[in-house]
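From a predicted model like this one, the values you see are computed outputs, not experimental measurements.
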Amino acid sequence: MLPALLFMLTLAAAPAAAVPPPAAPPTLPDTLAQRALACTACHGAAGRATPGGYFPRLAGKPAGYLLQQLLHFRDGRRPHAGMARLLAPLSDDYLATLAGHFAALDLPYPPPERPTASAAQRARGEALVRHGDPARRLPACVACHGEGLTGAQPAMPGLLGLSRDYLNAQLGAWRTGQRQARAPDCMAELARALAPDEVEAVAAWLAAQPLPADPKPAAQTLPQPLRECGTARVAASGGLR
């Protein structure tokens with residue numbers, strides 16, 4: 001008993017261990033790249049897109065296109081609850097700055113998806129992308145999105161480097177009215193004019209295409225063929241907001 005008692009008395013007499021002060025919170029740089037981490041959590045590092053591709057690439061797309069989509073999400077023209085909550089408190093000018101940040105990023109693209117469609121389906125998709133269907137007043141995709149399909153300044157997005165699932169989903173959203181643009185809404189008209197198997201063919205062919213050596217958007221929007229397009233008209237006039 002005596003040794004145990006002496007040990008307890010020693011503990012009682014010992015000074016309490018010093019408690020270290022709480023660590024200071026980390027200091028984060030107040031930069032646009034730091035703020036943009038809210039975007040890249042879903043859209044991949046630096047906006048490169050996620051491996052599955054459903055969250056699309058932001059890096060290198062025309063600033064005018066990115067700004068339009070941010071405004072559409074914020075203002076309800078393109079319904080998405082998560083994007084709407086994220087963008088609700090942000091001003092037009094701030095969104096323009098954010099769009100410019102991602103547009104200025106020049107990052108490599110991932111390799112294209114392995115073709116999974118049949119040869120006939122891919123051929124049909126390529127024909128619609130490159131030549132359209134004049135008898136149905138369907139312009140070719142290249143007429144607006146550029147011969148290289150990498151988009152055009154100031155507001156026409158590229159169609160390459162996107163997954164088949166994402167392309168299918170967006171064409172479907174245009175068809176059903178879940179995705180909208182300024183009237184006349186040429187993309188909605190075009191998507192509704194395509195049969196479901198044509199939508200699949202276009203998406204399958206585009207997703208399997210490699211990027212050209214220069215994947216940047218063309219210097220300016222090409223003339224709009226066959227159909228009036230409200231977005232292209234507003235972009236040409238410089239009224240992107």
Student: If I take atom CG from residue L162 and atom CG from residue L167, how far apart are they, to the nearest 0.5 angstrom?
Tutor: 5.0 Å

Student: Between R175 and V199, which heavy-atom pair has the shortest distance, and what is it?
Tutor: CD-CG2, 4.0 Å

Student: Determine the minimum heavy-atom distance between C39 and L98, stating which atoms define it.
Tutor: SG-CD2, 4.0 Å

Student: Looking at L70 and M83, what are the two nearest heavy atoms and their distance?
Tutor: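 Taking L70 first and M83 second, the nearest heavy atoms are CD2-CE, 4.3 Å.
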
Student: Quick check: do P112 and Q209 have side-chain heavy atoms less than 4.5 Å from each other?
Tutor: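 The answer is no; the side chains never approach within 4.5 Å.
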
Student: Tell me the closest heavy-atom pair linking A152 and P62, and the distance in Å.
Tutor: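 Closest pair (atom of A152, atom of P62, distance): O-CG, 3.8 Å.
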
Student: Nearest 0.5 angstrom please: L190 CG to W174 CH2, how far?
Tutor: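 Here the interatomic distance stands at 10.0 Å.
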
Student: Let me confirm one number: the CG-CG distance from L67 to D92, rounded to the nearest 0.5 Å.
Tutor: 7.0 Å

Student: Is any side-chain heavy atom of R57 closer than 4.5 Å to a side-chain heavy atom of Y166?
Tutor: no

Student: Quick one: are P139 and D133 in side-chain contact, heavy atoms under 4.5 Å?
Tutor: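 A side-chain contact under 4.5 Å is absent here.
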
Student: Once you round to the nearest 0.5 Å, how far does CZ of R122 lie from OG1 of T116?
Tutor: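 Output value for this atom pair is 8.5 Å.
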
Student: Check the pair Q153, Y65 against side-chain contact (heavy atoms from CB on, under 4.5 Å), reporting the backbone distance first and the verdict last.
Tutor: CA-CA 8 Å; Q153 298 290 359; Y65 172 76; over 6 Å; no

Student: Run the side-chain contact (heavy atoms from CB on, under 4.5 Å) check on F73 and L95 step by step: do they pass?
Tutor: CA-CA 11 Å; F73 280 124; L95 294 181; over 6 Å; no

Student: Of the non-hydrogen atoms in Y109 and A59, which two are nearest, and what is the gap between them?
Tutor: OH-O, 4.2 Å

Student: So, for A49 and F55, which heavy atoms are closest and what is the spacing to 0.1 Å?
Tutor: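 Nearest heavy atoms, A49 then F55: CB-O, 3.5 Å.
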
Student: Checking side-chain contact (heavy atoms from CB on, under 4.5 Å) for the pair V142/H131: CA distance, chi angles, key distance, verdict?
Tutor: CA-CA 8 Å; V142 297; H131 308 295; over 6 Å; no

Student: Would you please test M187 and L171 for side-chain contact (heavy atoms from CB on, under 4.5 Å) and show each step?
Tutor: CA-CA 8 Å; M187 272 304 303; L171 286 168; 4.1 Å; yes

Student: I'd like to know if E189 pairs up with R137 as an ion pair, taking the criterion as any Lys NZ or Arg NE/NH1/NH2 lying under 4.0 Å from an Asp or Glu carboxylate oxygen.
Tutor: no

Student: Evaluate the side-chain proximity of Q180 to D185: yes if any heavy-atom separation is below 4.5 Å, no if none is.
Tutor: yes

Student: Would you call D30 and R35 a side-chain contact if the rule is heavy atoms closer than 4.5 Å?
Tutor: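 Answer yes - side chains close enough.
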
Student: Could you measure the distance from the CG atom of L58 to the NE2 atom of H101? Nearest 0.5 Å is fine.
Tutor: 9.5 Å

Student: How long is the straight-line distance from CG of L87 back to NE2 of H80, given to the nearest 0.5 Å?
Tutor: 10.5 Å

Student: Taking NZ, NE, NH1 and NH2 as the nitrogens, is one of them in R124 or D197 under 4.0 Å from a carboxylate oxygen of the other?
Tutor: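 The answer is no: the pair does not qualify as a salt bridge.
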
Student: State, with a plain yes or no, whether a side-chain heavy atom of L105 is found less than 4.5 Å away from one of R48.
Tutor: no

Student: Report whether L107 and L66 are members of the same hydrophobic cluster (ILVMFWY, side-chain heavy atoms less than 4.5 Å apart, transitive linking).
Tutor: yes

Student: Is a side-chain donor or acceptor of T40 paired with a backbone partner of H43 at a separation under 3.5 angstrom?
Tutor: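 Flag not set: sc T40 to bb H43 has no pair under 3.5 Å.
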
Student: Following the transitive rule for hydrophobic clusters with a side-chain heavy-atom cut-off under 4.5 Å over Ile, Leu, Val, Met, Phe, Trp and Tyr, establish whether L37 and L32 coincide in one cluster.
Tutor: no

Student: Does the side chain of P157 come within less than 4.5 Å of H145's, by heavy atoms?
Tutor: yes

Student: Testing R77, R179, R78 one by one against H72 for a side chain to side chain donor-acceptor pair (under 3.5 Å), which residue passes?
Tutor: R77

Student: Heavy atoms, side chains only, cut-off 4.5 Å: are T150 and P212 in contact?
Tutor: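 Side chain of T150 against side chain of P212, heavy atoms only: contact under 4.5 Å found.
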
